[in-house]
Protein chains: 2
Amino acid sequence: MDHPDIEQKLGGRGEEEQETRERILSAARQLMAQKGYKGATTRKISELAGVNEVTVFRHFKNKVGILTELLKEIMDVREQLEQGLQGEFSDLKQMLVSYARTYYGLLVERKEIFMICMIEADNHPEVVQMFSSLPMTAVEVLSNKLLAFQEQGHLPKVDPFTAALMFVSTFFYAFMAKYRVNLNLEMVEEELFENASEILLQGIKGFK
Amino acid sequence: MDHPDIEQKLGGRGEEEQETRERILSAARQLMAQKGYKGATTRKISELAGVNEVTVFRHFKNKVGILTELLKEIMDVREQLEQGLQGEFSDLKQMLVSYARTYYGLLVERKEIFMICMIEADNHPEVVQMFSSLPMTAVEVLSNKLLAFQEQGHLPKVDPFTAALMFVSTFFYAFMAKYRVNLNLEMVEEELFENASEILLQGIKGFK
DNA sequence: TGAAAATGCAAGTAATTGCTTGCTTGGCAC
DNA sequence: GTGCCAAGCAAGCAATTACTTGCATTTTCA
């Protein structure tokens, strides 16, 4: 009765007709990201979803049920990041730019969920468990890659962790500024990827 | 009647006897940073402060009154950052390390308020107004300094904004990881300041 | 067409929350 | 002592919130 997994249905109406369950999730995602878990009341969620409040509880056992469902959407982040590093790159810089794109893309693509995690970081056990390992994932993945480069002798003896941390946090910060504080960076993202990659490689002193 | 600015009184008891008003603010600061504005109920605040709930409303007009009071604590950030750059530095690296220390120190010192701002970023007009300009302040201040160095010919033509962004966000990320997600970085802060400064200057390729 | 499933609607419930009121108590200053 | 002021205590209030129940209505689909 809860959510009977029938997915082939929207053939009838074309676009507008979105599954009720999806509409609820979508509304909750948006509201929780903006107002936090508590601020996203079940009433507001149902209104935004355009359904009756009871319908929400017909689809989800309770409010945390919605949250846990949403959190599943970032379970595969590590996998995605590692996959993005699979291909061959012409040089180190291209790899960095590509990694930046992948990482920033992931953040933007699932901005609401990341926001919810930030906001509710230590309120809900569900979030804690899911989120606690996440911030360092992107750093670790890149750090490991850099370490591999080092061991192949392609890179001098820097601390790869610090380097990865600097790189990753740059885009996280840019992401937060843009999507949480609504600040525009006066810079196209792609340009930032390039610049940051170059600086990480050459340093600000090493430019011609 | 509200808060009559009598400050000379704690001479009687010595340490333990903290002003009621301060205890309330302190409790609110802690709770709002952890649970958010909504999660920090006036009941919980009063309990943590060890006072009766009515006392809270005797000291503050209402709940937002507490919030606005707390927010005043980060009004002087730009000033503090600029002040930290006043002195003379033996070289660029020392300046960067010093800036990192100042910035990270500010974050830690007022961690609760920064957390509150992060969490409530677009819920309360008070926070919006106070916080909207803040994330880029630390970047701007450093960016300007780097630009000055460039104009004196002491630095090649890199984009100083990107450089400043990378540097600042590194410590912001480290701060968030440690104090919001309770992750330890496996690294002493001072070491991070050093490493990050060197990488920013030399890049990861430029090491001996 | 007809049964089953999904949704709407009305109403309600127990708990929480921000905030108020009226009154008492206790300490300090004069 | 007397008066004042801060704080405690008990009680309550109106609004909100998560969630339920019962029933009517619509939609789906075989």
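Below, chain A is the first sequence line, B the second, and so on; all start at residue 1. These numbers were taken from a predicted model, which means no experiment stands behind them. Worth knowing before you read on, the calculation uses all heavy atoms, side chains too, and leaves out hydrogens, waters and symmetry mates.
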For this session: Give the ring-plane orientation class for A/Phe175 versus A/Phe172, where under 30° counts as parallel, over 60° as perpendicular and anything between as tilted.
Result: tilted

Problem set entry | Pairs where residues 106-116 of chain B contributes a residue and the test salt bridge (Lys or Arg N to Asp or Glu O under 4.0 Å) is met, not counting sequence neighbours | B/Asp76-B/Arg110

For this session: Look at the side-chain N and O atoms of A/Thr42 and state whether any lies under 4.0 Å from the OP1 or OP2 oxygen of D/dA18.
Result: yes

For this session: Sort and list the pairs that fulfil salt bridge (Lys or Arg N to Asp or Glu O under 4.0 Å) and have at least one residue in residues 95-108 of chain B, not counting sequence neighbours.
Result: B/Arg101-B/Glu190

For this session: Report the distance from atom NZ of B/Lys38 to atom C1' of C/dC19, rounded to the nearest whole Å.
Result: 16 Å

For this session: Return the minimal non-hydrogen interatomic distance between A/Ala164 and A/Val139, and the atom names on each side.
Result: CB-O, 3.5 Å

Seminar exercise, completed: Rounded to whole Å, the CD1-P distance (B/Ile24 to D/dA6) equals 13 Å

Problem set entry | d(CD, A/Glu19; C1', D/dT27) in whole Å | 12 Å

Problem set entry | Protein-nucleotide distance (B/Glu47, atom CD; C/dG18, atom P), rounded to Å | 12 Å

Exercise. Any donor-acceptor pair under 3.5 Å linking the side chain of A/Glu120 with the backbone of A/Tyr37?
Worked result: yes

Considering only nitrogen or oxygen atoms on both sides, find all protein atoms under 3.5 Å from nucleotides 8-12 of chain D and state each distance.
residue: D/dG8; atom: OP2; partner: B/Asn52; partner atom: N; Å: 3.0
residue: D/dG8; atom: OP2; partner: B/Thr55; partner atom: OG1; Å: 2.5
residue: D/dG8; atom: N7; partner: B/Arg58; partner atom: NH1; Å: 3.2
residue: D/dG8; atom: O6; partner: B/Arg58; partner atom: NH2; Å: 2.3

Exercise. What's the NZ-C1' distance between B/Lys63 and C/dT20, to the nearest Å?
Worked result: 17 Å

Exercise. Would you say the side-chain atoms of A/Gln150 pair up with the backbone N or O of A/Pro160, donor to acceptor, closer than 3.5 Å?
Worked result: no

Exercise. Given atom CZ of A/Phe57 and atom P of D/dT17, what is their separation to the nearest angstrom?
Worked result: 12 Å

Exercise. When the distance from NE2 of B/His59 to P of C/dC19 is rounded to whole Å, what number comes out?
Worked result: 16 Å

For this session: Measure the distance from OH on B/Tyr37 to P on C/dG18 and round it to the nearest whole Å.
Result: 7 Å

